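Quick caveat, the model's predicted, so the values are computed rather than measured.
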Amino acid sequence: MALTAAFSAIALPPYPAAPKDGTVDDYFGHKVADPYRPLEDDTASVTTAWVEAENAITRDYLDAIPFRGTLRKRLEALNNYTKTGLVGKMKDGKYYWFANNGLQNQSVLYRSDAPYGTPQEVLDPNKLSDDGTVALTGISMSDDGKYLAYTISRSGSDWTEIYVLDAKTLKLLPDHIEWAKFTGAEWRGDGFFYSAYPRPEAGKEFSNANEYHSVYFHKLGTPQSADELIFENRQEPLRFHLARVTDKGNYLLLTGSGQGTGNMLSVRDMRKPGSKWLTIEPTQNNDISPIETINGTLYLYTNIDAPNYRIVAVDPANPARENWRTVVPESKHVLSGVDVTGDKFILTYDYDAAHRAFLTDLNGKTISEIKLPTYGSVGFNCGSDHPEVFYSFNSFTYPSAIYSYDSATGTSKLMKQTEVPGLNSDDYVTEQVFYPSKDGTKIPMFIIYKKGVKRDGTNPTLLYGYGGFAVTLNPGFNANRLLWLENGGVYAMANLRGGNEYGEAWHLAGTKLNKQNVFDDFIGAAEYLIAQGWTKPEHLAIQGGSNGGLLIGATTNQRPELFAVAIPQVGVMDMMRYHLFTIGWNWAPDYGTSADSPEMAKYLLAYSPLHNIKNDGTPYPAIMVTTADHDDRVVPAHSFKYAATLQAANTGDKPKLIRIDSKAGHGAGKPIAKILDEQADIYSFIFYNLGIDPTKK
């Protein structure tokens with residue numbers, strides 16, 4: 001790898017003039033200009049023309065980077081290995097799993113009579129589109145094993161369609177559900193429950209606010225128009241409602257969320273015609289999730305009176321909180337996952353953001369620990385109706401390994417070890433450090449690097465963070481990251497407040513009027529990496545997506561001198577109006593909204609990435625914003641307005657580009673070809689603007 005200042009700057013033409021108007025909003029008497037409001041209409045001709053012009057400039061810039069093609073080929077080689085998903089037993093007695101032979105755009109669903117036996121193709125989503133932009137997002141099987149429902153998304157959208165196969169013949173049935181969202185198919189008898197919205201206005205499918213999420217029952221062989229409405233709430237349009245069937249269809253559970261940090265929960269006895277909903281938890285102030293009904297007892301996972309989570313046993317006929325019985329009490333470590341195998345629990349805990357797993361009885365008594373190889377993440381596939389347990393494990397430089405687990409003997413057996421060509425995990429080091437944030441809070445951070453890297457301040461370093469929505473960043477494998485590591489790059493992942501690494505208290509410490517803590521934590525991570533000799537500002541790049549894109553935008557505005565390159569991806573950039581688009585209203589419990597109060601509006605305006613771009617000649621890092629035309633989670637208008645404002649401001653000579661993907665969404669289900677193209681562009685942009693040619697060793 002060559003570190004050099006000899007690169008000739010790639011000439012950039014004038015940035016395209018973005019459509020503007022004179023919009024000024026009033027927030028409790030405070031006037032805030034929003035000149036690029038026309039960019040919120042993503043289907044308008046002026047917007048599409050601007051997008052086309054921006055993409056042309058960005059494409060010309062990226063294609064002029066001399067090693068971009070070489071990096072694209074290297075990323076393809078790093079990803080060209082067999083990927084095998086976690087196997088699981090389903091109601092037809094067969095074992096199902098996903099697999100990818102290397103560079104297939106989407107993984108294929110297979111099954112066999114034994115775990116990873118002779119495979120039979122069940123469904124190949126690559127055959128559902130010519131370009132791999134239709135993703136298979138979930139499967140579920142009827143209790144009698146006769147039918148397999150599957151969900152798809154198109155072009156990365158959150159909109160979900162449901163189809164049904166005859167499980168024996170794999171023949172596609174005529175049943176088809178549209179305009180569903182954030183749902184699977186919950187089977188009961190000859191049909192399934194699902195959640196959907198009313199058909200959206202034509203042309204506004206990916207931008208208008210989503211309202212009236214309702215639960216329906218679809219009977220096989222009937223049109224969607226005949227589906228039975230099971231639950232709706234016309235008084236509260238901004239809520240999610242999801243159904244869950246348990247105890248072989250005897251009970252129907254209903255969650256309601258979207259207006260708090262947790263969810264409501266109700267239960268209905270389906271054995272009694274006309275039975276009413278019984279309230280288990282009336283508020284959305286806490287998390288409460290059904291685990292399973294075993295021998296007539298409903299087990300729930302919750303942080304009610306337990307910020308680090310506990311398990312309670314509930315009588316479905318008398319579900320009020322005063323009747324709950326704690327079976328797994330809260331501990332000092334966050335209980336992050338619960339699975340059931342036969343009459344036992346498998347409990348997954350976060351120990352400083354890395355997983356540890358334990359087998360217990362239904363009273364929470366530990367039987368044994370399931371030993372894991374190193375810092376990492378584990379996922380289980382098992383069920384209450386059979387004793388077989390399978391789990392997968394992976395870490396930063398440890399690709400997925402799949403094990404069977406014998407709960408009787410407490411032993412694990414390796415079934416599949418992913419082999420990535422050229423990767424020797426022993427060549428890399430993962431360590432965890434704890435650094436002080438601005439207020440003295442100790443923040444955990446993983447640092448990953450190739451053996452031999454010295455702390456001499458010259459290392460190219462990529463710092464990643466998220467910090468929101470109670471999302472824990474656990475160690476995980478990503479083949480694309482190897483490109484960075486094998487070229488001497490240091491990768492750092494900070495576990496910021498706002499996540500769930502240390503339970504609900506840690507989450508709330510990064511929300512609403514505490515949101516600045518998240519930015520301080522991230523800035524503290526950068527300062528630590530510099531102080532400890534890992535890097536210097538001229539060698540430091542930062543990256544984050546969605547809420548993490550907000551993080552990158554805000555910290556770049558607050559401390560532009562700390563970073564050389566910034567990659568805000570699909571970010572929430574307009575904190576004054578985010579709640580007005582698609583499901584943005586659902587983020588209010590974390591952010592608050594500009595309509596809440598003068599104090600909240602002032603606080604949001606003080607850090608909103610769009611509204612705090614400096615325009616006084618302060619040098620900014622090189623910035624490449626990424627978004628996509630079908631992102632209906634964080635609508636592209638956020639990135640459009642942010643990029644237009646950034647390009648119009650006086651922030652120095654470094655490039656300020658926006659990369660707008662087509663037929664893509666927030667990230668889930670993106671075909672591998674598009675992923676490789678995007679990663680090649682991002683890494684090329686970072687390396688080039690750090691003055692590094694990774695092709696010269």
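- A distance below 6.0 Å separates the ring centres of Phe519 and Tyr607.
- Ring-plane geometry between Tyr491 and Tyr464 is classed as parallel, the angle between the planes falling under 30 degrees on a 0 to 90 degree scale with a further cut at 60.
- A distance below 6.0 Å separates the ring centres of Tyr591 and Phe469.
- A distance of 6.0 Å separates CG of Leu604 from CE of Met576, quoted to the nearest 0.5 Å.
- No side-chain donor-acceptor contact under 3.5 Å links Asn612 to the backbone of Gln558.
- A salt bridge links Lys670 with Asp661: at least one charged nitrogen is closer than 4.0 Å to a carboxylate oxygen.
- In this structure, Tyr216 has its ring center at least 6.0 angstrom away from the ring center of Phe193.
- Atoms OG and CG, on Ser266 and Leu253 in that order, are 9.0 Å from each other to the nearest 0.5 Å.
- Separating the CG atom in Leu123 from the CD1 atom in Ile139 is a distance of 9.0 Å, to the nearest 0.5 Å.
- In summary, Arg497 and Asp521 engage in a salt bridge, as defined by a charged side-chain N under 4.0 Å from a carboxylate O.
- Taking the six-membered ring for Trp and the full ring otherwise, Tyr309 and Tyr301 have centroids separated by under 6.0 Å.
- The heavy-atom pair separating Tyr683 from Arg481 by the smallest distance is OH-CA, 3.5 Å.
- Aromatic ring pairs are classed by plane angle as parallel below 30°, tilted from 30° to 60° and perpendicular above 60°; the pair Tyr197 and His213 is tilted.
- Between the side chains of Asp596 and Thr593, a donor-acceptor pair is found at a separation under 3.5 Å.
- In this structure, Lys20 does not pair ionically with Asp34, as no charged nitrogen and carboxylate oxygen lie closer than 4.0 Å.
- Other residues, nucleotides and ligands contribute at most 12 non-hydrogen atoms within 6.0 Å of the CD atom of Glu599.
- For the side chain to side chain contact (heavy atoms under 4.5 Å, CB included) with Ile567, the lone residue among Ile552, Asp681, Val625, Ile686 that qualifies is Ile686.
- Aromatic ring orientation, Tyr163 versus His176: parallel (interplanar angle below 30°, classes split at 30° and 60°).
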Could you walk me through whether Lys512 and Asp590 satisfy the salt bridge (Lys or Arg N to Asp or Glu O under 4.0 Å) test, starting with their C-alpha distance in whole Å, then the side-chain angles of each, then the deciding distance to 0.1 Å, before giving a yes or no? CA-CA 6 Å; Lys512 292 186 175 178; Asp590 248 53; over 6 Å; no
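- Between the CZ atom in Arg659 and the OH atom in Tyr61 there is a gap of 14.5 Å [rounded to 0.5 Å].
- Screening Asn557, Thr651, Asn650 against Tyr620 for a side-chain hydrogen bond (donor to acceptor under 3.5 Å, both in side chains) leaves a single residue, Asn557.
- With ring centers used as reference points, Tyr578 lies 6.0 Å or more from Trp585.
- The number of heavy-atom neighbours closer than 6.0 Å to CG of Asp130, taken from other residues, nucleotides and ligands shown, is 12 or below.
- You'll find the ring centres of Phe192 and Phe217 outside the 6.0 Å limit.
- Remark: Glu236 CD is packed, more than 12 non-hydrogen atoms of other residues, nucleotides or ligands lying under 6.0 Å away.
- Side-chain contact between Ile623 and Lys654: absent, with no pair of heavy atoms (C-beta onward) separated by less than 4.5 Å.
- From Ile304, atom CD1 reaches atom CD of Glu281 across 4.0 Å, with rounding to the nearest 0.5 Å.
- The structure places CG of Leu610 at 11.0 Å from CE of Met575, a figure rounded to the nearest 0.5 Å.
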